[in-house]
K.L.:
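This is the structure I have questions about; it appears just below.
Numbering of residues begins at 1 and proceeds along the displayed sequence. The figures here come from the full heavy-atom set of this structure, side chains too, leaving out hydrogens, waters and symmetry mates. One-based numbering, in listed order, for ligands and for the atoms of each.
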Amino acid sequence: MRIGVDYYPEQWDETMWEQDADRMKEIGVEIVRVGEFAWSRMEPTEGVYDFAWLDRVVQIFTDREIDLVLCTPTCTPPQWAFEKYPEIIQVGADGAKIPIGIRGHRCVTNATYRRLCEKIIQALVERYHDNPRIIAYQIDNEVEANHCRCEECTQGFRAWMQKKYGTPQAVNAAYRNTVWSGEYSSWEEVKPPTAGVLQWQNPSLTLDYNRYASDSIVDYIEFQRQCIRKWDATVPITTNNWFCENMPDFYDLFEHLDFVSYDNYPLSVLPEDEESLYSHAFHLDLMRGIKQQNFWIMEQLSGAMGSWMPMSPTPRPGMIRGYAAQAFAHGADTVLHFRWRTACSGAEMYWHGILDHNNVPGRRYREFAELCSWAKKWKEAEGAVIQNEVAILYGSAQEYAFKLQHQAEGMYYLEQLKLFHDAFTSIGVGVDIINETASLEQYRIVIAPTLLITNEEVKDHLYHFAEDGGSVVLTNRCGVKDSYNCCIMQALPTVYEELAGVRVEEYDAIGSHEHDLQLCDSAWKQVHGEQSAKAMQWCDILAPTTAKTMAVYGPKGFSLFYGGRAAVTCNEYGEGRAYYVGTVMNRSAYHSLAQTIVEETGVSYRNDLPPGVEVTVRKKGQKSWTFVFNNTMHSQKIWTGDVLQPFEMQVYPEK
Ligand code: GLA
Ligand code: ZN
């Protein structure tokens, strides 16, 4: 494993650079990321470049055999650029230009902005590409789907719509625009959804707009990738990814990039209810699943987070070492910590780095130094891969559509995925989170939560997967809509009825109410240890056609009128089977269901993991490494007899 740091030399007096680099070298830092926001230092006025300082920085690290990640600084255009070319400023949903002085507030489609980007990228890459210490490029910083409403982006949306539909009449037909006199008679009438409550807009339009916004940022990333490739044909290129409000489609974003990198800020205080203990692992598994390859952490938690919010508690002892090791266990061979030293100026001065403002090595620094040494012990495991038999499907359109039209109080798309991820993780079964359209060949169990928006390719994959002997898990809210975000006029789960062997007779969005659930499948009941569980948030009242019933709504609770009706079923289909979970259950019911499914499918698992302890296995040739991580605040004894301290990682190599 390789450990690095994010470093902003332009924010420090030049006299500190060598001391910083010496310290890094001394504790074993192998990589630094530089250049991210330094456009104004690289190009102080238009066309006038100053790379002398960066030459010295690159030389300092090169001399110490520390590798570099070079960033395109395009997330923060210089002030002169905004002054000279106000057209490059992003326009908000209210039609007004976004106030400048921060970052990320440029229009990524604007031709002038792109010309400026191209020139700075050329200057940078031409100058440094020959240095073998430059091991990767990072494009921009944490991009979001492009929601700019300037004239150019509005035209871009229209062109995107024209390409997809051909005529306004075809849009009307797809969206069924007779509602609220929404019919278009010319392309000029087709506009991005405007300000106000998004939920009052046509959901077909908002979903397409989000697809366009994603395509548009992907186009920008591809533009930068090509700029880099003109001057450097080989060094790998990435962009640093995160979870944000306007998420682009992850799979499209990284399609042409060489590897995925992710900004990982796990919690410094764990929730008491344990419900989200495994959510860090969830995010890591999702990142690995984007390209179904190992990935990098480009920014990793190093200290208290804060600045535009009150400061978070500082990372507890063990977290700096443990969370980085956890990322490694989930397929990140390289982890860069954000940041070397906490900024003394600027808006982000309370987002803490490894070193505090005082520049005196402290507790976190010492723990980070330990991490650097620990990482060197596991060099051999670099490049080892994770091969799982269980996959959870994620869909960008699903997430967006679910978010836009909240299905029931307390019910969120990613949470539905996490419930299953948590269940399999808790029994030591590794899970890949992959694009819903990805090939399912390598898997034996595929969980497809809330397939709200129907996609023909996904549907075909799932039918074939079950036919060929796989176990599919479908849930409530599947088959609800067509790809235009209009409801399908057919009994739910519509196109999935044959696979699931059930019909939804009626549904009940019970939100925060609860209902009693009675397990009637003997295997599940036995694993669960009791007959009762809970139904929450959503209840499909199921009429099985060919499926057998695994659980029914009980006589107690909020929804008395469907007591005795099926809630969870299993249908033999082809050589395999399809489970249908019509409700949202309590955590232990997912755990026991996961165990029942792996037993029925013949996937191996563990039933001796203490809560909050994760196991992952990475393989390389004949060798494998089993990683066991204690993601809790308590020490935990594991099956080997070892006691793991809070956030401790143990690695067990095998030949
Ligand atoms: C993000 C950004 C960084 C920094 C950190 C912490 O991850 O990429 O530049 O702003 O958040 O605030
Ligand atoms: Zn724009």
K.L.:
With a 6.0 Å cut-off on ring centres, are F402 and Y412 close enough?
P.N.:
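Between F402 and Y412, the centre distance exceeds or equals 6.0 Å.
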
K.L.:
Consider every N or O of R103 and every N or O of ligand 1, then say whether any pair is closer than 3.5 Å.
P.N.:
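Such a contact does occur with ligand 1.
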
K.L.:
Sort out for me which residue in R33, Q11, E299 forms a side chain to side chain contact (heavy atoms under 4.5 Å, CB included) with R339.
P.N.:
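For R339, the side chain to side chain contact (heavy atoms under 4.5 Å, CB included) test succeeds with only one of R33, Q11, E299, which is Q11.
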
K.L.:
Taking the six-membered ring of Y85 as reference, does the NZ or CZ atom of R115 fall below 6.0 Å from its centre and within a 45° cone about the axis?
P.N.:
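Checked: cation-pi criterion met.
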
K.L.:
Can you tell me the angle formed at the Zn ion (ligand 2) by SG of C148 and SG of C153, to 10°?
P.N.:
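That angle works out to 110° after rounding to 10°.
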
K.L.:
Which ligand 1 atoms does E142 reach within 4.0 Å, using its non-hydrogen atoms?
P.N.:
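In order of numbering, the contacting atoms are 1 (C), 2 (C), 7 (O), 8 (O).
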
K.L.:
Between E348 and ligand 1, which residue portion shows a heavy-atom distance shorter than 4.0 Å: side chain, backbone, both, or neither?
P.N.:
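It is the side chain that touches ligand 1; the backbone stays farther off.
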
K.L.:
Could you check atom 11 (O) of ligand 1 against the protein and tell me its nearest heavy-atom contact, residue, atom and distance included?
P.N.:
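For this ligand atom, the closest protein heavy atom is E299 OE1, 3.8 Å.
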
K.L.:
Using the ring of each side chain (for Trp, its six-membered ring), is Y350 parallel, tilted or perpendicular to H357, with breaks at 30° and 60°?
P.N.:
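Rings of Y350 and H357: perpendicular, over 60°.
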
K.L.:
So what does the C107 SG - the Zn ion (ligand 2) - C150 SG angle come to, to 10°?
P.N.:
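Taking the Zn ion (ligand 2) as the apex, the two atoms subtend 110°.
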
K.L.:
At under 4.0 Å between heavy atoms, is it the side chain or the backbone of F338 that contacts ligand 1, or both, or neither?
P.N.:
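Near ligand 1, F338 shows its side chain, while the N, CA, C and O stay back.
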
K.L.:
Judged by atom type as modelled, is there a donor-acceptor pair below 3.5 Å linking the side chain of S204 to the main-chain atoms of Y484?
P.N.:
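Yes; judged by distance alone, with no hydrogens or angles, the pair exists.
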
K.L.:
Considering only heavy atoms of F37, which atoms of ligand 1 have at least one such atom less than 4.0 Å away?
P.N.:
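That gives atoms 9 (O) of ligand 1.
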
K.L.:
Any chance you could lay out the salt bridge (Lys or Arg N to Asp or Glu O under 4.0 Å) test for D208 and R211, step after step, and finish with the verdict?
P.N.:
CA-CA 5 Å; D208 264 344; R211 288 173 172 140; 3.1 Å; yes

K.L.:
Is ligand 1 less than 4.0 angstrom away from at least one heavy atom of W308?
P.N.:
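It does; at least one heavy atom falls under 4.0 Å.
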
K.L.:
Touching ligand 1 at all, W351? Heavy atoms, strictly under 4.0 Å?
P.N.:
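The answer is yes: ligand 1 sits under 4.0 Å from a heavy atom of W351.
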
K.L.:
Taking R106 as the fixed residue, which of I100, I98, I89, D140 is the one that meets the side chain to side chain contact (heavy atoms under 4.5 Å, CB included) rule?
P.N.:
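Exactly one candidate clears the test, D140.
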
